[in-house]
Amino acid sequence: MTSAPRPQHTETIRTSSICKRIDEGRSGMGRYEPNEIEAKWRERWASTGIYEPDLHAARRPFYNLLMFPYPSAEGLHIGNVYAFTGADIYGRFKAMQGHDVFEPIGFDAFGMHSENFALKQNVHPTKLVPRNIKNFREQLKAMGGRFAWSHEVVTTDPAYYRWTQWIFVQLFKHGLAEKRLAPVTWCPSCKTVLADEQVINGECERCSTEVTHRDLEQWFFKITQYADRLLNNLDEIDWTEEIKTAQRNWIGRTEGLEMTFPIEESSTSVTFFTTRPDTIFGVTFMVLAPEHPLVKQITSEEQRPAIEQYVAEAMKKTAIERQSMERSGVFTGAYATNPLNQQRVPIWVGDYVLSTVGTGAIMAVPAHDTRDFAFAQRFELPITVVVAPPDWDGGELAEAYTEPGTLANSGEFDGMESAAASQAIIEKLESAGSGKRQMQYRLRNWLISRQRYWGTPIPIIHCDECGPVAVPEDDLPVVLPYVEEFRPTGTNQSPLASVPEFVQAACPSCGKDARRETDVCDNFLDSSWYFLRYPSTGIDDKPFDPELTKRWLPVHNYIGGKEHAVLHLLYTRFITMALHDMGFIEFEEPFRRFRAHGVLILEGAKMSKSRGNIVSPDDFFKSHGADTLRTYLMFASRFEEGGDFSNQGIEGVFRFLHRVWELYARQIEQAGADAGFPIEAQQAMHRTIKKVTGDIEDLKYNTAIAALMEYSHKLQKRPALSAEETTTFLQLLAPFAPFITEELWERIGRDYSIHTSAWPLADEALAKLQEVSVAVQIDGRTRDVIEIEAGSDEEAAVAAAKQSARVQRHLDGLAVVKTIYVPDRMVNFVTSSKR
RNA sequence: GCCGAAGUGGCGGAACUGGUAGACGCGCUACGUUCAGGACGUAGUGCCCGAAAGGGCGUGUGGGUUCAAAUCCCACCUUCGGCACCA
């Protein structure tokens, strides 16, 4: 692991002159110069190591994790600053509450973006990536995160990917890795495998050639074996509900029936899965996915040309297009028999059926499925109602009826309700041997192989005698060789295949000549375990030290983007569970608490390279300083919702920090003045402590900052501040604006550092409001607002309300039939005139 | 198409468990300060009628429940995010 270089601040950039005049004529303090003070404290924090907890001795460990960035050549994105600031504020808050906070950072640096960018710039990724990382480090330091730089992790470092390979080997040894044929997207012109995002409207993004598919031998991890546990544990873990829902849907466990229809004049049959056994009597046709292996077998000679053309067309569409466009299909010429009613049903091919879902074939029940209904209408196929809608007249349906109901046209099952009928039909089919109850999952196994250069080499050697053999652990890492020509090779192999010294290897098992695997790993594997490595960086004989792991994990708080809801977060859970089962770690869920933050958008659109609307934080660091940018990003919207970035509102936050500076300048000048601490001021302070503390815990940073602004206005109005107010306000602001608060903390004569000082505690009695405003309504309309003592009973509140002249006027001539009192909130007089 | 989230002033956004809609900030207006000025201070600022007092309307649209709805229910519209080789 590399240790981060000290930032060099040879020159200080003067801040914009927004405040040039503010303090002219004021002596001593000078004006707020964010660039000066930020440079000063960056250095001081680094040299004193206040963000580097002693991992072995820490008494109250708190592992505060954020999603490590992908170091692109464009530099740190303002969205990264947004996400990391949100996580950092929480870490700073926990540290001030007395925890030993470990907030590591690293770089997820393998992958297609780096490879493609390197190709474009004609710079080798081994040169480009360190350059990008260096730039990112500087930017990350500029934003003022409390990062433990001595534990930096870089996934492209052999000292790291050695253990990524070790994980691959463990999974392989435990039967959780398998190799099989699977289709990839292929550009016939570039002669290369394409990623999904490189395909636009069925064409290669570079050469606009229509893409095709190829079957290649690929490695998979058997995540589906963990489907039930991954699903069931979701009920227990403290994660953002939205993410848990996304994972549940992704895993997609459904219970139903798997059954087969024999094909006429053939020895084969079609197997499909259905969650609606109650509708089997309504099957009027079947549909196979275009990729289904039976298609070639059963198509009649007459239909063959049409089918072949249709299948070729379908292969060009994406799964999303196939499900969004108008239903299309072609009849194969073959028929199957419904074993329940002996009905003859035509077999079609339709691209709305996906080979990756279920068995790649469906029984079509147009009366009770909207997609099948549309298909039947288009091709004039019969629609048989077998579940009667509530007031069905026996006639034709205008649209599919997909709800449960009473069975009709279903022989012996007529009159039964859907749920009972499903069970009865399953039992009948099970005893007849033509179907069985089945749990089905949407989740598919994890495709690990990439036919690319810039990734972790898969640590496997293929031997003709022994088959695939894992590289012995002592031989790891399998180092990614330097390949000058790292562009895709025009074969379906990784560029590594063109390096004979790499490919040639002796079989670790029998010693004969063998071939090294040349595909590299999906970089989701790199990022599936990085949090396990952070505490153990520098340890080179094991991936993670058991002692440190036990002390620091599972992670206490993980904050990251919703875009990682299923892939990264599910793969990470899977790897953790697998390592647990193999006995390497004691826990099976990696993160105690996970919170998803929102997406930062620009003028209503997501920032992306393709739109060209990426905003760099660098200009803001220079013009306003990191404190202003951090605070503004957190103030502009609810952290968990995300929001719009505009540089309109940033000035408001900049002014706020200037006013804070001024407030303390005045305070310092008046040193020695007897400030006093009136009760109202104490109450305001404790209310603010309570509000800010609660809001940070809930990640409601925007309202915490609003409360601090409000409180600062109150402080500005006081002639002088007490010592307690002076320190408390700075402490509450410190997680958001770590630099200015550290500077002012020093200037008011407190000991370094504010960031290790104790978070203020709210005095509940003082935080409580003494007087409350109570709305007085008449028939639900607010007519007056009265001030009464907090906690007043109904009698007192109603009496006070009736004192109001306005209320009296509105009640004049009306009879109150009902009075509603919500303590400390409102009184409502309901009158007889009410409607 | 499927899954998820969200629609509140001119703008970003607040609003506990159904209980004063619009906190805080931007912008705008007026006044003050300043040689001048992007600056700073004070006050005002949802919309409509009104000189004011006051009144009416108002949280995407239409309906409903309730003494009371941004919040709950039903239907619809729009936007954003995800859909397995982007990370």
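In what follows, every chain begins at residue 1, and chains take the letters A, B, ... in the order their sequences are listed.
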- Query: Distance between the C1' atoms of B/G9 and B/G13, in whole angstroms?
  - Reply: 11 Å
- Query: OP1, OP2 of B/A68 versus side-chain N and O of A/R825: anything below 4.0 Å?
  - Reply: no
- Item | For B/G27, the Watson-Crick or wobble partner whose two distances fall under 3.5 Å | B/U45
- Using a cut-off of strictly less than 4.0 Å, decide whether A/R322 has a side-chain nitrogen or oxygen near OP1 or OP2 of B/G1. no
- Report which part of the nucleic acid A/Y70 touches: base, sugar-phosphate, or nothing (heavy-atom distance under 4.0 Å, all strands). sugar-phosphate
- Query: Base, sugar-phosphate alone, or nothing: which one does A/A636 contact when heavy atoms must sit under 4.0 Å apart?
  - Reply: sugar-phosphate
- Query: When we call it a touch if two heavy atoms are under 4.0 Å apart, what does A/S449 touch: a base, just sugar-phosphate, or nothing?
  - Reply: base
- Item | Residue-phosphate contact under 4.0 Å: A/R638 side-chain N/O, B/A14 OP1/OP2 | yes
- Message: Could you tell me the Watson-Crick or G-U partner of B/A75, where both distances fall under 3.5 Å? Say none if there is no partner.
- Response: B/U61
- Message: Applying the Watson-Crick and G-U wobble criteria at under 3.5 Å, what pairs with B/G9? Answer none if nothing qualifies.
- Response: none
- As its Watson-Crick or G-U partner within any shown strand, both distances under 3.5 Å, B/C2 has B/G82
- Item | Identity of whatever pairs with B/A21 - Watson-Crick or G-U, under 3.5 angstrom | none
- NA contact type, A/Q451, heavy-atom cut-off 4.0 Å: base, sugar-phosphate, or nothing? base
- Task: Using the C1' atoms only, state how far B/G27 lies from B/C11, rounded to an integer number of Å.
- Result: 7 Å
- Item | Presence of A/N702 side-chain N/O under 4.0 Å of B/G13 phosphate oxygens OP1/OP2 | no
- For this output row, return yes or no: ring centroids of A/F375 and A/Y352 closer than 6.0 angstrom. yes
- Item | Results of side-chain contact (heavy atoms from CB on, under 4.5 Å) for A/K691 - residues two or more places apart only | A/D695, A/T703, A/A707
- Short side-chain N/O contact to B/G55 OP1/OP2 from A/R783, under 4.0 Å: yes
- OP1 or OP2 of B/C83 less than 4.0 angstrom from a side-chain nitrogen or oxygen of A/R444, does that happen here? no
- Give a yes/no answer on whether the side chain of A/R442 brings an N or O atom under 4.0 Å of OP1 or OP2 in B/C83. no
- Whole-angstrom distance between B/G82 and B/G18, as gauged at atom C1': 33 Å
- Query: On a whole-Å scale, what distance lies between the C1' atoms belonging to B/C26 and B/G38?
  - Reply: 16 Å
- Query: Do any side-chain nitrogens or oxygens of A/N249 fall under 4.0 Å of OP1 or OP2 in B/C2?
  - Reply: no
- Do the two ring centres, one from A/Y82 and one from A/F639, sit under 6.0 Å apart? yes
- So, is A/R781 close to the B/G58 phosphate, meaning a side-chain N or O under 4.0 Å from OP1 or OP2? no
- Message: At 4.0 Å (heavy atoms only), tell me whether A/M709 reaches a base, stays on the sugar-phosphate, or touches nothing.
- Response: sugar-phosphate
- Scan every strand shown for a Watson-Crick or G-U wobble partner of B/A68, both distances under 3.5 Å, and answer none if you come up empty. none
- Query: Ring centres of A/F220 and A/W446 under 6.0 Å apart?
  - Reply: no
- Message: Please classify the nucleic acid contact of A/Y352 as base, sugar-phosphate, or nothing, using heavy-atom distances under 4.0 Å.
- Response: nothing
- Sugar-phosphate, base or nothing in reach of A/Q777, heavy atoms under 4.0 Å: base
- Anti or syn - B/G9, cut at 90° from 0: syn
- A/D824 side chain vs A/G791 backbone, donor-acceptor pair below 3.5 Å: yes
- Side-chain N or O of A/H713 closer than 4.0 Å to phosphate OP1/OP2 of B/A23: no
- Task: Looking at every strand, decide which applies to A/L708 at a 4.0 Å heavy-atom threshold: base, sugar-phosphate, or nothing.
- Result: nothing
- Query: What is the base-pairing partner of B/G50, counting Watson-Crick and G-U wobble geometry with both distances under 3.5 Å?
  - Reply: none
- Message: At 4.0 Å (heavy atoms only), tell me whether A/W250 reaches a base, stays on the sugar-phosphate, or touches nothing.
- Response: base
- Measure up the A/Y530 and A/H568 rings against each other and bin them: parallel (under 30°), tilted (30 to 60°), perpendicular (over 60°). tilted
- Any A/H810 side-chain N or O less than 4.0 Å from OP1/OP2 of B/G55: yes
- Query: When rounded to the nearest Å, what value does the distance between P atoms of B/U20 and B/G12 take?
  - Reply: 24 Å
- Task: State whether the side chain of A/Q323 and the backbone N or O of A/A319 hold a donor-acceptor pair below 3.5 Å, judged by distance alone.
- Result: yes
